[in-house]
K.L.:
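Structure provided below as structure tokens; questions to follow.
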Amino acid sequence: MNNSEVARVFQDIADLLELKGETLFKIRAYQKAVRSIEQLPVGLEQLRQEGKLRQIPGIGEAIEKKIVELLATGRLKYYEDLRSEFPAGIVSLLQVPGVGPKTAMRLSTELGIGSLEELEAAIVDGRVEGLYRLGEKTAENILHHLRSMRTKEQRLPIGTALPLAEEIMIALQERSQIRHLTPAGSLRRFRETIGDIDLMGTADDAETVIEAFTKLAQVREVLAKGSTKASVVTHRDLQVDLRVVEHDAFGSLLQYFTGSKQHNITLRERGQRQGLKLSEYGITTLQNGRLETYATEEGFYNRLGLQLIPPELREGQHEIERAAEHSMPQLVELSDLKGDLHVHTDWSDGHDSIEAMAMAASNLGYQYLAVTDHSRSLGIAHGLNEERLRAQMSEIRRLNERLNNIQILSGIEVDIRADGSLDFPDELLGELDVVIAAIHSSLSQRQDRMTQRVLRAIENPNVDIIAHPTCRLLGQREPIALDLEIIFRAAAQTGMALEINCMPDRLDLRDIHIFRARDLGVRLALGTDAHSTEHLKYMRFGVGIARRGWCEAKHLLNSMPAEELLASLGQQENKRI
DNA sequence: GCCGTTTTCGGCCCGACTGTTTTCAGTCG
């Protein structure tokens, strides 16, 4: 059983315990375990073997035992017994916003409802209103949520949500006197997918700001509108919430709405031990009941004896301990990067010329750009054969003589074939500055074969970077079956760099894998995989995800100046010979 | 069920809204 399957079981257990009316604290314990397991950078099985399950936040004796049973047998007696106490399908009712455990139980026991379809029919028939504490309005509300669940898109990739949020923010700034406007929530934490957009700001006259917000061209429907906050739905079916607050309390409010939920809970537990009550309004000293407000998040964290924690790290794992020790990492910033290590040109399936790409990279302030077009196997991408690759290398030499502001590195994105061999002979690869190897075909191989395939590429001294290691496409294609722990250890040993692919629908490696790889000493490389000059801007997505993996500039090849980078790549080659 | 700058037992995050009620349960973020 993998981590997400185990998490799923505990989520079910938490839901069932809610239905059962168990004490809230027991339920929360399971919910906390679920969140922790979902964030884990390593497999539970490995942690079990190392005897480290209890080091996971929220995993104690009882849950550890259950994990061990699940890993060993794929089943859990406690779970099966619990499930048998309830009619099938009742848990599915909890998905509907507005339906909690009490309502779900009532629907099930009194009306025999066990599915969303039956629930809808029962509301339409008028059987739901009239149940204890359930009136007409509640029934209507549930029906509304039930129906919009079907049409509403799932979470949006950050590559779609962030530009949309920025568009709205710019429009709002043009049309109102809002200040300190900033995203909160998962967007600010830079999660790879976003449920809805939270925006926050301050203003002298909140009402006119709210008015302007609800009248923006992007707004399709106004869900709610008050004097300090409003919720709208955009034309892309995305919900956007705006809160306008007093400047004095902006810091604590932003902190509160940035989350994550688990981070805030852990923070408040800590506050409690210090005799402090934390809320979105500020910090209250319990002894005298005095409330202090905070205009900045830094002041808020400092009051708790903590360093400011970057939003990307606020997931309720170990960031608070680190902030208490004053050993927060100095996370990588876009401005630390000196070049892009993965781009395509019109020599293969890119849109723009080498020169156009180089000029665009120079305008971004880069010192170098690695041109890495596809190799011959990838016919669909017009991959280069040996002859055309040599012609491209000559072209790049000519351009480098002419261009002053940027150095173009000759490279290739060479295909890793089904058997792990590469698409070009070693001597040709040896002539290039940067060799990226990647899988593009035979994606359904079994795990051991796939892992051997990538290992073979990792052991090739001519390869510098493995691109998009898991080949996943967010919401479209599952990752290939790869034993990442083996891959990471091999990469750490050989000095092979792994890519953080910055394309918003790839983001591959993903956050928790970046965390693990970096922890094991694997070198990482940011590559936009740009197929046009516009795509070079995707770098910020990779930086955001790298920050979630606790990356500092020193962990990324791109932070090196060109000369150092080339020397370093050469050295690693020697290490593997 | 978890956990410890006070604890190995006795606590456990905080506030807001809604609708159904006559004082608050249920749900959400």
Side-chain angles (χ1 to χ4, degrees), chain A residues 10 13-37 53-67 78-79 82 93-107 128-142 144-145 184-186 189 195-198 200 223-224 226-229 231 239 241 243 245 249 252-253 255-284 286 291 300 304-306 316 320-321 324-325:
Chain A
F10 289 137
I13 290 175
D15 287 345
L16 291 166
L17 291 176
E18 269 200 289
L19 293 172
K20 198 172 172 176
E22 259 292 355
T23 69
L24 276 175
F25 306 114
K26 195 171 182 177
I27 296 163
R28 286 196 198 131
Y30 279 100
Q31 289 169 338
K32 181 174 184 184
V34 169
R35 288 193 284 266
S36 264
I37 291 170
L53 285 173
R54 292 285 282 276
Q55 290 176 17
I56 304 169
I59 307 290
E61 189 183 345
I63 295 186
E64 179 191 32
K65 259 190 197 160
K66 293 185 173 72
I67 293 174
Y78 175 76
Y79 175 47
L82 197 56
L93 303 181
L94 295 174
Q95 294 166 32
V96 185
V99 178
K102 304 287 180 193
T103 312
M105 270 311 269
R106 224 166 272 149
L107 292 170
V128 169
E129 58 188 273
L131 292 183
Y132 179 67
R133 289 195 81 88
L134 280 172
E136 190 185 347
K137 279 203 165 176
T138 308
E140 211 172 88
N141 191 29
I142 293 172
H144 174 76
H145 284 302
S186 53
R189 299 202 314 280
D196 52 25
I197 294 176
D198 287 314
M200 306 203 36
L223 296 176
S227 56
T228 61
K229 65 176 194 178
S231 292
Q239 184 173 331
D241 297 340
R243 285 183 176 76
V245 305
S252 38
L253 239 114
Q255 193 288 321
Y256 172 74
F257 282 107
T258 297
S260 66
K261 185 183 173 123
Q262 190 57 54
H263 175 83
N264 284 354
I265 290 174
T266 310
L267 206 60
R268 284 164 183 203
E269 285 168 351
R270 180 187 166 83
Q272 234 174 15
R273 292 196 294 275
Q274 299 172 323
L276 302 171
K277 187 178 69 163
L278 281 51
S279 80
E280 55 266 52
Y281 302 111
I283 298 178
T284 308
L286 288 171
L291 173 76
F300 187 88
L304 300 168
L306 302 171
I320 294 173
E321 297 157 38
E325 296 163 1

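All chains are named by letter (A, B, ...) in the order of the sequence lines, taking the proteins before the strands, and each is independently numbered beginning at 1. Any value given below was found using the heavy atoms of this structure, including those in side chains, with hydrogens, waters and symmetry copies removed.
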K.L.:
Say you pick atom P in B:dT20 and the same atom in B:dT27; how far apart are they, in whole Å?
P.N.:
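Comparing P positions in B:dT20 and B:dT27 gives a spacing of 13 Å.
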K.L.:
Could you say whether A:K102 or A:T284 is positioned toward the 5' end of DNA chain B, judged by the nucleotide with the nearest heavy atom to each?
P.N.:
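The answer here is A:T284.
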K.L.:
So what does A:K277 hit on the nucleic acid, given a heavy-atom distance under 4.0 Å: a base, only sugar-phosphate, or nothing?
P.N.:
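Sugar-phosphate only.
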K.L.:
If the condition is salt bridge (Lys or Arg N to Asp or Glu O under 4.0 Å), which residues does A:K277 pass it with, not counting sequence neighbours?
P.N.:
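Listed in chain order: nothing, the list is empty.
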K.L.:
Run the side-chain hydrogen bond (donor to acceptor under 3.5 Å, both in side chains) test against A:E18 and tell me which residues pass, sequence neighbours left out.
P.N.:
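Here no residue qualifies.
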K.L.:
I'd like the P distance from B:dT21 over to B:dG26, given in whole Å.
P.N.:
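So the two P atoms sit 12 Å from each other.
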K.L.:
Base, sugar-phosphate or nothing for A:K66? Non-hydrogen atoms, less than 4.0 Å.
P.N.:
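Sugar-phosphate, no base atom in range.
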K.L.:
Run the salt bridge (Lys or Arg N to Asp or Glu O under 4.0 Å) test against A:K229 and tell me which residues pass, sequence neighbours left out.
P.N.:
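None.
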K.L.:
Base, sugar-phosphate alone, or nothing: which one does A:Y281 contact when heavy atoms must sit under 4.0 Å apart?
P.N.:
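Answer is sugar-phosphate: A:Y281 comes under 4.0 Å of backbone atoms only.
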K.L.:
Looking at B:dT8, which nucleotide sits across from it as a Watson-Crick or G-U wobble partner, both distances under 3.5 angstrom, or is there none?
P.N.:
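None - no nucleotide pairs with B:dT8, as no candidate has both distances under 3.5 Å.
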K.L.:
Measure the spacing between CD of A:E269 and CD1 of A:I320 and express it to the nearest 0.5 Å.
P.N.:
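Nearest 0.5 Å value for the CD-CD1 distance: 9.0 Å.
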K.L.:
Please list, chain by chain and in numerical order, all residues satisfying salt bridge (Lys or Arg N to Asp or Glu O under 4.0 Å) with A:E22, sequence neighbours excluded.
P.N.:
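With sequence neighbours excluded, A:E22 shows a salt bridge (Lys or Arg N to Asp or Glu O under 4.0 Å) to A:K26, given in chain and number order.
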K.L.:
If I pick the P atom on B:dC3 and the same atom on B:dC13, what distance separates them, to the nearest angstrom?
P.N.:
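To the nearest whole Å, 13 Å.
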K.L.:
Give one of base, sugar-phosphate or nothing for A:E64, where a contact means two heavy atoms less than 4.0 Å apart.
P.N.:
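No contact.
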K.L.:
Is A:I265 touching bases, backbone alone, or none of the nucleic acid, heavy atoms closer than 4.0 Å?
P.N.:
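Result for A:I265 = base.
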K.L.:
Base, sugar-phosphate alone, or nothing: which one does A:L24 contact when heavy atoms must sit under 4.0 Å apart?
P.N.:
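Counting heavy atoms under 4.0 Å across all strands, no contact is made by A:L24.
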K.L.:
When you match A:L131 and A:P57 each to their closest nucleotide on DNA chain B, which lands nearer the 5' end?
P.N.:
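The residue mapped nearer the 5' terminus is A:P57.
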K.L.:
So A:R270, base contact, sugar-phosphate only, or nothing? Heavy-atom distance under 4.0 Å.
P.N.:
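Here A:R270 touches no strand at all.
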K.L.:
With a non-hydrogen cut-off below 4.0 angstrom, is A:T103 in contact with a base, only sugar-phosphate, or nothing?
P.N.:
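Sugar-phosphate contact only - A:T103 comes under 4.0 Å of backbone atoms but never of a base.
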K.L.:
Under 4.0 Å between any heavy atoms, over every strand shown, what does A:I59 touch: base, sugar-phosphate, or nothing? Just pick one.
P.N.:
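Sugar-phosphate only.
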K.L.:
I want to check a possible cation-pi pair here: A:R243 against A:F257, using under 6.0 Å from ring centre and within 45° of the ring axis as the test.
P.N.:
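Yes, cation above the ring, under 6.0 Å and within 45°.
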K.L.:
Contact boundaries of DNA chain B with chain A (under 4.0 Å, heavy atoms), 5' to 3'?
P.N.:
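First-to-last contact on DNA chain B, by the 4.0 Å heavy-atom rule, is B:dG1 to B:dG29.
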K.L.:
Between B:dG11 and B:dC17, how far is it from one P atom to the other, in whole Å?
P.N.:
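Going atom to atom, P in each nucleotide, I get 31 Å.
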K.L.:
Judged by modelled atom types alone, do A:Q262 and A:N264 share a side-chain donor-acceptor pair under 3.5 Å?
P.N.:
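No - no donor-acceptor pair under 3.5 Å links their side chains.
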K.L.:
For atom C1', what is the distance between B:dT5 and B:dG1, given to the nearest Å?
P.N.:
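After rounding to an integer number of Å, I get 23 Å for this pair.
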K.L.:
Please measure how far the P atom in B:dA16 lies from the corresponding atom in B:dG10, and state the result in whole Å.
P.N.:
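These two P atoms come out 32 Å apart once rounded.
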K.L.:
Sticking with atom C1', work out how far B:dC2 lies from B:dT8, rounded to a whole angstrom.
P.N.:
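Nearest-Å result for B:dC2 against B:dT8 at atom C1': 12 Å.
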K.L.:
Please state the P separation for the pair B:dC14 and B:dC9 - nearest whole angstrom.
P.N.:
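Between the two P atoms, the distance is 25 Å.
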K.L.:
Residues two or more places apart in sequence or in another chain: which of them pass salt bridge (Lys or Arg N to Asp or Glu O under 4.0 Å) with A:E64?
P.N.:
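Listed in chain order: A:R54.
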K.L.:
Contact class for A:Q272 vs. all strands (heavy atom < 4.0 Å): base, sugar-phosphate, or nothing?
P.N.:
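Sugar-phosphate: the residue A:Q272, judged by heavy atoms under 4.0 Å, touches backbone atoms but no base.
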